[in-house]
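Have a look at the structure below before the remarks.
Chain letters run A, B, ... following the sequence lines, proteins first and then strands; every chain starts at 1.
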Protein chains: 2
Amino acid sequence: MSTPQGWEEIRAEVLRRISRRDWPPGAIIPTEEQLAAEFGCARATVNRALRELAGAGVLERRRKAGTRVAMYPARRATFEIPVIRLEVEGRGQRHSFRLLEQAEAVPPLAVAARLGLAPGARLLEVRTLHFADGKPFLYEDRWLNPAVLPEGLPPDMQATSLNEWLVKTVAYTYGDIAFSAESATPDEAALLGVAPGAALFVTERTTWAGDQPITSVRLAYAPGYRLRTVV
Amino acid sequence: MSTPQGWEEIRAEVLRRISRRDWPPGAIIPTEEQLAAEFGCARATVNRALRELAGAGVLERRRKAGTRVAMYPARRATFEIPVIRLEVEGRGQRHSFRLLEQAEAVPPLAVAARLGLAPGARLLEVRTLHFADGKPFLYEDRWLNPAVLPEGLPPDMQATSLNEWLVKTVAYTYGDIAFSAESATPDEAALLGVAPGAALFVTERTTWAGDQPITSVRLAYAPGYRLRTVV
DNA sequence: GGGGTTATTATGTGCAGACATAATACACAA
DNA sequence: TTGTGTATTATGTCTGCACATAATAACCCC
């Protein structure tokens, strides 16, 4: 490459210099202005490239102090939070689900705490079993804040999964996610058709719209599930 | 809010209109030019805000076609890929590790395939057990391409974990990651001090520098581990 | 020499204008 | 009707400039 053109090529060139250890971890790299002069482009173009790399965790930038290679240039990876139906269909399988329970109840303390609600507040619990090609795929246990449902639940809970309806109806502005591995309880094992104690991939998500809690959900995937992404 | 100022406020305002369903999923939103006129700012500022939202999966943009709210505005979440020592210390615990094995060998077919190497190519296998406050934390099984180690392995494998040394020495340009839950094999159970069959959180990473494979590693975390992030 | 104020500096963001690019819509011809 | 070429349009990116902001460095005064 002669001189990089466009912010993507500049990003690639900077990354190359880092992996060649021209700029080792911790080193300060030239200022935007210097790089712009070297590459023969505007400072804004260099800024765009360096900003992306800082967002990926490769660089650390501070005003006045300059830009340095991160001491541990570990990258940030991103993954999608899919709608369950699309996740199943994306594997080339047919999605279906069965509504197990739908009832108003007082949630466990952990759920109330995660949502920032007073203990004893009543929520709506919806438990659903999802299938891929008719075989159990994941068990969804969802606690829902009724206050965010002005028109109540969707008209036809048998046709559209709550998961999908929520995503399209109540956009959230903030959420947290945790992944873990758990041993299947006897109940979960029976639902998913596996041996008790089997290793299940579990994701727990809690979402808010502004400062109002929407829902806290626990998804337990049948064994064999893998969450993939690239860096 | 009167009129948003700065790209972050514009991003917030657009997100607000989406969650208020002024712009429901699938709807086309005004062009950058129209929004710039409405907000009284330059098109570049609107572009920055909309680009960020597209990166988060909330909007979908296509030239000429315009910008629309994603049909399933499921967000993209990002998480860090930490150095193991920092991950342990970040929990307020003391990190240590024990080198279990370090030997040249022919890797299993799955590993060779992941790295894109001919079956039968010899790699370096390094197995390490990491501890948090002296208790087993995770079991690391790493296959390493010797070709990327011009000066060989780090001088004292007992002092710096290979994980950390690699991150600081061989920057990668591409990688893929998979998370899953697996039942502990008898060997893993013994190493981690848990019952055989316990649910382990497993991450598998493979990384390349350019088109040259660097390493493929499998990390099996002791029960209780949670990978967290926010959206 | 120490402490607080001021100047300097690199990044962060903004603006207006320009051209590139991709994808659509339309007109026209076979 | 069907296919093809062309005009249109919204986004993608770049330039050059400006000012804001944060953090460091320098200075001055006591």
Side-chain angles (χ1 to χ4, degrees), chain A residues 1-15 17-18 22-71 73 76 78, chain B residues 1-15 17-18 22-71 73 76 78:
Chain A
M1 173 181 304
S2 47
T3 63
Q5 290 175 5
W7 69 269
E8 289 187 291
E9 282 185 34
I10 292 179
R11 179 183 60 181
E13 174 63 20
V14 171
L15 207 47
R17 293 185 185 182
I18 293 172
D22 296 346
W23 296 333
I28 295 222
I29 75 172
T31 69
E32 295 186 347
E33 219 150 352
Q34 291 167 334
L35 288 174
E38 176 189 346
F39 296 144
C41 68
R43 186 170 75 90
T45 308
V46 174
N47 179 279
R48 173 85 185 265
L50 299 187
R51 178 154 41 80
E52 295 263 330
L53 286 172
V58 175
L59 296 176
E60 287 168 4
R61 322 194 69 198
R62 281 200 349 268
R63 282 165 153 137
K64 159 75 181 174
T67 301
R68 62 177 63 235
V69 181
M71 200 59 88
R76 250 153 244 153
T78 78
Chain B
M1 174 182 302
S2 45
T3 61
Q5 291 175 4
W7 69 269
E8 289 187 291
E9 283 186 32
I10 292 179
R11 179 184 60 181
E13 174 64 19
V14 170
L15 207 47
R17 292 184 187 184
I18 292 171
D22 297 345
W23 296 333
I28 296 227
I29 75 171
T31 69
E32 294 186 347
E33 218 152 352
Q34 290 168 335
L35 288 174
E38 178 189 343
F39 296 143
C41 69
R43 185 170 78 88
T45 309
V46 174
N47 178 279
R48 172 86 185 262
L50 298 187
R51 177 157 38 83
E52 295 262 330
L53 287 172
V58 175
L59 297 176
E60 286 169 3
R61 323 195 70 197
R62 281 198 352 266
R63 284 168 152 134
K64 158 77 179 175
T67 301
R68 62 176 66 233
V69 181
M71 199 59 86
R76 245 153 252 152
T78 77

With a 3.5 Å cut-off and sequence neighbours excluded, list the donor-acceptor pairs that the side chains of residues 32-43 of chain A form with protein atoms.
unit_1  : atom_1 : unit_2  : atom_2 : d
A:Glu32 : OE1    : A:Arg43 : NH1    : 2.6
A:Glu32 : OE2    : A:Asn47 : ND2    : 2.8
A:Glu32 : OE2    : A:Arg61 : NH1    : 3.2
A:Glu32 : OE2    : A:Arg61 : NH2    : 2.7
A:Gln34 : OE1    : A:Thr31 : N      : 2.9
A:Glu38 : OE1    : A:Arg17 : NH1    : 3.4
A:Glu38 : OE2    : A:Arg17 : NH1    : 3.4
A:Glu38 : OE2    : A:Arg17 : NH2    : 2.6

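Residues forming a salt bridge (charged side-chain N to carboxylate O under 4.0 Å, His left out) with B:Glu52 (at least two apart in sequence, or on another chain): B:Arg11, B:Arg48. In this view, A:Arg62 and A:Ala65 satisfy the side-chain contact (heavy atoms from CB on, under 4.5 Å) rule, not counting sequence neighbours.
Applying the 4.0 Å criterion to OP1 and OP2 of D:dA10, one finds that B:Thr67 has every side-chain N and O outside that range. For B:Arg62, no side-chain nitrogen or oxygen approaches OP1 or OP2 of D:dT9 to under 4.0 Å.
Using modelled atom types, one side-chain atom of B:Arg68 and one backbone atom of B:Gly26 make a donor-acceptor pair closer than 3.5 Å.
Helix-axis bend for the helix from C:dG1-D:dC30 to C:dA30-D:dT1: the local axis fitted to the five terminal pairs at one end deviates from that at the other end by 10°, rounded to 10°.
The separation between B:Phe39 atom CZ and C:dC15 atom P is 12 Å, rounded to whole Å. A:Glu8 places its CD atom 10 Å from the C1' atom of D:dT13, with the value rounded to the nearest Å. In this entry the distance linking CD of A:Gln34 with P of C:dA10 reads 7 Å, nearest Å. Distance CD1 (B:Ile10) to C1' (C:dC15): 12 Å, rounded to an integer number of Å. The distance from atom CD of A:Glu33 to atom P of D:dA18 is 13 Å, rounded to the nearest whole Å. Atom CD1 in A:Ile28 sits roughly 15 Å away from atom P in C:dT9 (whole-Å rounding). For the pair A:Gln5 CD and C:dA20 P, the computed distance is 13 Å after rounding to whole Å. For the pair A:Glu60 CD and D:dA23 P, the computed distance is 14 Å after rounding to whole Å.
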Under 3.5 Å, N/O pairs linking protein and nucleotides 19-21 of chain D:
unit_1 : atom_1 : unit_2  : atom_2 : d
D:dT21 : O2     : A:Arg63 : NE     : 3.1

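Between B:Arg76 and B:Ala54, the closest heavy-atom pair is NH1-O, 3.5 Å. Minimum heavy-atom separation, B:Ala70 to B:Gly57: CB-O, 3.5 Å.
Residues A:Val69 and A:Ile28 are not in side-chain contact: their nearest non-hydrogen atoms beyond the backbone lie 4.5 Å or more apart. Considering only heavy atoms from C-beta on, B:Val46 stays 4.5 Å or farther from B:Trp7 through its side chain.
A distance of 6.5 Å separates CG of A:Leu59 from OG1 of A:Thr67, quoted to the nearest 0.5 Å. Rounding to the nearest 0.5 Å gives a distance of 11.5 Å between CD1 of A:Ile29 and CG of A:Asp22. For the atom pair OG1 (B:Thr45) and CD (B:Gln5), the distance works out to 11.5 Å, reported to the nearest 0.5 Å.
Checked against D:dA10, D:dA22, C:dA16, the side chain of B:Ala42 finds its nearest nucleotide in C:dA16. Closest contact between the side chain of A:Lys64 and the listed nucleotides D:dT24, C:dG12, C:dA23 involves D:dT24.
Of all the residues in residues 44-56 of chain A, A:Asn47 reach under 4.0 Å from DNA chain C with at least one non-hydrogen atom.
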